[in-house]
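Structure first, commentary second.
Labels below follow one simple rule: chain letters A, B, ... track the order of the sequence lines, proteins then strands, and each chain is numbered from 1.
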Protein chains: 2
Amino acid sequence: MSNFVAVKTGNIKNRKYHTIQDYIRKRIQTGKYPVGSYLPSENEICGQFGTTRTTVRKALDELLKEGFIEKEQGKGSKVLERRKSLGLLTVKGFSGSIDYKVKTVVTKGPKITEWNPVIAFSLTEEEKKSNCVYFQRVRYINDRPVVLENNWYASNELQLIDSDAFIEGSFFKTLSQNHFIEVMGAEQELRSIPASKEVAKNLGIQEGSPILHISVRFRTSKPGLNLYGDLYCNTTDYPIRNSYFL
Amino acid sequence: MSNFVAVKTGNIKNRKYHTIQDYIRKRIQTGKYPVGSYLPSENEICGQFGTTRTTVRKALDELLKEGFIEKEQGKGSKVLERRKSLGLLTVKGFSGSIDYKVKTVVTKGPKITEWNPVIAFSLTEEEKKSNCVYFQRVRYINDRPVVLENNWYASNELQLIDSDAFIEGSFFKTLSQNHFIEVMGAEQELRSIPASKEVAKNLGIQEGSPILHISVRFRTSKPGLNLYGDLYCNTTDYPIRNSYFL
DNA sequence: AAGTGGTCTAGACCACGCG
DNA sequence: GCGTGGTCTAGACCACTTT
């Protein structure tokens with residue numbers, strides 16, 4: 001009898017494992033499966049959705065790839081703190097180390113403006129037609145400014161989010177928990193350049209000293225929504241780190 | 001009856017999908033499944049190994065993650081050109097674009113020396129005890145020197161490979177095809193620094209102009225073997241690119 | 001129509017972690 | 001010893017691509 005259910009499963013775009021995957025992801029994003037806790041066992045999930053372990057495991061495998069959970073044999077599937085950053089460039093000391101005091105200050109915006117021409121990537125037609133939301137942040141380590149960061153996104157794709165609403169100062173965390181939007185990938189261009197007068201002033205360094213400039217486009221799970229960034233990093237004391245595993 | 005076979009499958013460390021995965025990977029590395037060709041169909045592989053599609057698909061899934069193949073629904077599993085570079089930093093234009101003429105020249109070694117203290121990562125005890133193989137390369141784009149690259153690895157882990165033996169000038173390709181060693185991941189530190197006299201001379205630029213310095217440790221599938229790198233990049237005309245997807 | 005990969009069922013035994 | 005995730009069998013139907 002339950003085979004009739006099976007017949008229904010192969011339907012157009014109604015993949016059962018997607019349903020399970022989306023359900024669990026949303027519960028993680030809204031904190032109903034808190035960070036550090038364990039998901040219900042695979043067999044329990046089978047019961048909840050009337051399916052088999054093969055299908056449940058496929059859903060969990062996807063969440064594993066997305067970085068929401070990790071698996072511990074003999075124990076269960078644990079909800080992870082943050083998404084595992086795969087290849088994301090991070091300032092040494094940012095996120096993780098306790099030896100550093102980290103602070104982020106929003107110095108401009110968010111406000112609606114025209115696109116800024118410094119962006120190293122070509123905008124889509126839809127983005128060109130739209131205005132954009134812009135904001136600027138300065139990141140501090142041990143009370144010294146280390147990164148000056150400009151960000152833009154198309155204002156027709158996402159409302160202006162006030163900086164007061166940033167969860168723990170993080171724009172991405174806000175996107176995930178309040179809008180269910182996730183970062184799917186990114187492209188970056190890195191250059192070594194002399195510091196301009198404005199950058200030098202913001203980072204408290206000499207004009208012309210070597211600065212790492214990063215231009216980045218983040219792609220998100222919301223089609224058409226990209227986040228563009230323009231970062232100026234003083235790497236003298238805190239180099240940029242990037243680790244990845246296959 | 002055939003269930004008795006199932007009983008045997010769960011054995012210690014003899015995962016059937018690993019056997020299949022290793023077999024296919026080795027055939028790809030040695031060119032028996034040439035780049036661009038299609039693997040035998042999943043059902044054929046089932047026949048060859050006396051197993052079911054679930055197991056074969058698990059093996060192919062792993063090869064997919066490792067970047068050796070891609071899947072095309074309705075057609076088959078295709079052998080990929082190179083391993084998909086996940087988060088690897090590459091000079092814009094290197095590997096892929098036809099607009100650039102790329103050349104690599106080995107300027108020093110390979111030869112056996114002492115470890116160089118510039119390496120930003122701490123060596124393992126085994127590495128400290130061993131001498132190391134060192135070589136230096138300069139990478140050109142359109143006949144202009146763009147990257148000066150120093151490399152080291154522990155000489156007790158891998159014999160000295162003569163630069164003449166580098167397949168297409170690539171050390172990693174040589175490792176894969178002749179030694180079945182793959183890169184499993186890497187850690188990198190990036191800094192923006194003024195060019196030293198030696199770097200300036202090698203890259204044909206002014207002493208003191210901003211240079212991107214990358215210190216990298218590649219981890220390989222051979223336990224204990226790491227490859228260390230020390231790169232100086234002139235990013236004025238060719239920025240460094242880094243893209244990744246989840 | 002035939003062949004390929006994608007999804008799914010309904011079981012089974014194994015290795016691991018913990019009380 | 002029991003529950004958890006890890007591996008595997010032996011089938012089935014679906015969607016996509018090509019002949």
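Aromatic rings from Phe218(B) and Phe172(B) are positioned such that their centres are separated by under 6.0 Å.
The CG atom of Leu63(B) sits 15 Å away from the C1' atom of dG5(C) (whole-angstrom rounding). For Glu42(A) and dC8(D), the CD to P distance is 15 Å, given to the nearest whole Å. Protein atom CG of Asp61(B) is 15 Å distant from nucleotide atom C1' of dC8(D), rounded to whole Å. Between Lys58(A) atom NZ and dT7(D) atom C1' there is a gap of 16 Å when expressed in whole angstrom units. If you measure from atom CZ of Arg53(A) to atom P of dT7(C), you get 19 Å, rounded to the nearest angstrom. Between Arg57(A) atom CZ and dT4(D) atom C1' there is a gap of 10 Å when expressed in whole angstrom units. Computed from coordinates, the Arg15(B) CZ to dG5(D) P distance equals 18 Å when rounded to whole Å.
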**Study point:** Verdict with supporting geometry, Leu39(B) and Leu60(B), side chain to side chain contact (heavy atoms under 4.5 Å, CB included)
**Key:** CA-CA 10 Å; Leu39(B) 297 185; Leu60(B) 294 182; 3.8 Å; yes
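Contact annotation: the side chain of Phe135(B) never approaches that of Glu149(B) to less than 4.5 Å [non-hydrogen atoms, C-beta and beyond].
Here Lys16(A) reaches the OP1 or OP2 of dT9(C): one of its side-chain N or O atoms lies under 4.0 Å away.
Here Tyr17(B) lies in heavy-atom contact (under 4.0 Å) with sugar-phosphate atoms only.
Side-chain contact, Glu182(B) with Ser221(B): no donor N or O sits under 3.5 Å from an acceptor N or O.
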